[in-house]
Amino acid sequence: MREFRPLGNTIFPPVVKNLLIINGIVFLATNVFQNSLGFDMYQHFALYYYESPNFRIWQFITHLFMHGDFMHIFSNMLALWMFGAVLENFFGSKKFLQYYILTGLGAALLHTGVQYIELSSFIENSRDYLANPTLGRFGQFIENAVPENYQRDFNSLYNFWQADPTSLNAKNNSVELVRQLTAIKTNIPTVGASGAVFGLLLAFGMLFPNALIYLYFFFPLKAKYFVFFYGLFELYSGIANNPGDNVAHFAHLGGMLIGFILIKLWRVRRPGDFYY
């Protein structure tokens with residue numbers, strides 16, 4: 001039995017309004033506490049990889065309310081209002097909040113799973129090297145585990161060590177360099193409501209497929225095509241895994257995937273010709 005209690009056509013329905021307020025307060029608090037008190041909210045409430053010393057279980061939820069900069073929060077909150085208001089009016093507040101939290105949580109879980117796939121081999125190589133640091137194993141570590149943008153420093157040390165294989169200083173520096181890279185790769189925080197927002201976008205495209213979305217406020221595109229091509233772009237970007245790309249593309253896809261599953265499980269039907 002479906003339990004939907006539509007609200008009508010409220011511009012700022014209660015859940016969307018409160019989410020906007022909470023995100024705004026958290027964003028201001030993050031900057032005030034950092035600048036005035038030296039308290040880093042990212043360290044406690046952003047989402048870290050589960051093997052990071054900074055990881056806490058509550059981060060799967062709290063990272064949804066953290067944002068990196070003004071444009072990050074502005075774009076997410078604009079999308080939350082644009083799509084979320086329509087969906088909360090359709091779902092009702094209780095069901096909408098469930099959908100929002102579950103898609104955000106699902107996005108975080110998929111992101112963590114992809115991190116595990118990407119990092120498990122690296123962490124294993126790192127632990128193997130640190131257990132027995134030798135020149136030959138350092139070269140193997142560089143070849144198998146070091147990203148291209150870190151190769152220069154590692155190769156420089158490797159060449160120095162190769163010129164003097166008995167150098168204890170080179171050995172100790174290699175251990176420190178591997179530890180630093182391991183800390184960097186396992187301590188990258190993930191923040192933002194984007195996973196949940198992409199869940200909203202997916203729901204909007206499924207329930208209001210012919211509604212027009214204006215790209216850059218000028219170019220009209222039907223929601224179903226916008227969602228489809230945006231999803232393909234996120235999949236391509238996630239697989240490409242550009243070293244300079246700091247966007248959690250698989251988190252976005254996770255939000256869309258969980259959103260699709262929820263809509264099917266809840267047997268949500270399109271609201272006739274509304275918003276077509």
Side-chain angles (χ1 to χ4, degrees), residues 2 4 6-13 15-16 19-20 64 67 71-92 95-111 114 192-242 244-276:
R2 295 182 298 135
F4 300 116
L7 301 179
N9 193 21
T10 308
I11 296 177
F12 284 100
V15 172
V16 167
L19 287 173
L20 293 173
L64 292 171
H67 289 85
M71 286 307 300
H72 188 203
I73 189 173
F74 175 78
S75 60
N76 274 347
M77 295 304 99
L78 179 62
L80 170 59
W81 172 70
M82 288 176 59
F83 303 115
V86 175
L87 293 170
E88 186 177 350
N89 284 326
F90 174 69
F91 281 134
K95 212 68 175 179
F96 174 79
L97 181 59
Q98 291 175 0
Y99 182 88
Y100 184 85
I101 295 298
L102 288 173
T103 52
L105 181 59
L109 290 172
L110 182 60
H111 174 67
V114 171
S194 300
V197 166
F198 269 78
L200 300 182
L201 179 61
L202 185 281
F204 188 85
M206 290 183 68
L207 299 176
F208 308 101
N210 294 316
L212 293 178
I213 295 175
Y214 287 84
L215 303 181
Y216 303 106
F217 303 100
F218 185 75
F219 302 102
L221 185 65
K222 288 185 177 181
K224 57 187 175 183
Y225 300 128
F226 179 77
V227 171
F228 177 75
F229 288 116
Y230 208 164
L232 284 181
F233 171 76
E234 289 296 319
L235 180 61
Y236 167 78
S237 300
I239 294 174
N241 196 22
N242 189 321
D245 187 356
N246 63 351
V247 176
H249 296 287
F250 282 105
H252 298 170
L253 292 170
M256 298 178 86
L257 174 63
I258 298 301
F260 178 84
I261 293 172
L262 288 175
I263 289 174
K264 292 300 182 182
L265 285 177
W266 291 348
R267 299 179 182 177
V268 184
R269 296 178 181 176
R270 295 177 186 172
D273 292 330
F274 185 57
Y275 275 95
Y276 271 44

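Quick note: residue numbers are just sequence positions, from 1. Because only heavy atoms are used, hydrogens play no part in the values below, and waters and symmetry mates are left out as well, while side chains stay in. Because the structure is predicted, anything quoted here is derived from the model rather than measured.
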Would you mind writing out the side-chain donor-acceptor pairs for residues 194-209 within the sub-3.5 Å range, not counting sequence neighbours?
from	atom 1	to	atom 2	distance (Å)
Ser194	OG	Asn76	OD1	3.2
Ser194	OG	Asn76	ND2	3.2

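- More than 12 non-hydrogen atoms from other residues, nucleotides or ligands lie less than 6.0 angstrom from CG of Leu265.
- Closest heavy-atom contact between Gly192 and His72: CA-CE1, 3.8 Å.
- Between Val16 and Phe96, the closest side-chain pair of non-hydrogen atoms falls below 4.5 Å.
- Scored by the ring pair (Phe, Tyr, Trp, His ring centres under 6.0 Å) test, Tyr225 finds no partners at all (sequence neighbours excluded).
- Minimum interatomic distance between His67 and Ala193 (heavy atoms only, all atoms of both residues): NE2-N, 3.4 Å.
- Leu257 CG to His252 NE2: the interatomic distance, rounded to the nearest 0.5 Å, is 14.5 Å.
- Nearest heavy-atom pair across Ala251 and Ala107 is O-CB, 2.9 Å.
- Partners of Lys222 according to the side-chain hydrogen bond (donor to acceptor under 3.5 Å, both in side chains) rule, which considers only residues two or more places apart in sequence or in another chain, do not exist here.
- Side-chain atoms of Trp81 and Phe12, non-hydrogen and from C-beta on, do get closer than 4.5 Å to each other.
- With sequence neighbours left out, Tyr100 forms a ring pair (Phe, Tyr, Trp, His ring centres under 6.0 Å) with no residue at all.
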For the pair Phe91 and Leu97, evaluate side-chain contact (heavy atoms from CB on, under 4.5 Å) and give the outcome as yes or no after the intermediate values. CA-CA 9 Å; Phe91 281 134; Leu97 181 59; over 6 Å; no

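- Taken from CD in Glu88 to OH in Tyr99, the straight-line distance is 14.0 Å, to the nearest 0.5 Å.
- Remark: His111 engages no residue in a ring pair (Phe, Tyr, Trp, His ring centres under 6.0 Å) (not counting sequence neighbours).
- The line from CG of Leu102 to NZ of Lys95 is 9.5 Å long, rounded to the nearest 0.5 Å.
- Remark: Ile258 CD1 to Leu105 CG distance equals 8.0 Å, nearest 0.5 Å.
- Interatomic distance, Leu80 CG to Ile73 CD1, rounded to the nearest 0.5 Å: 10.0 Å.
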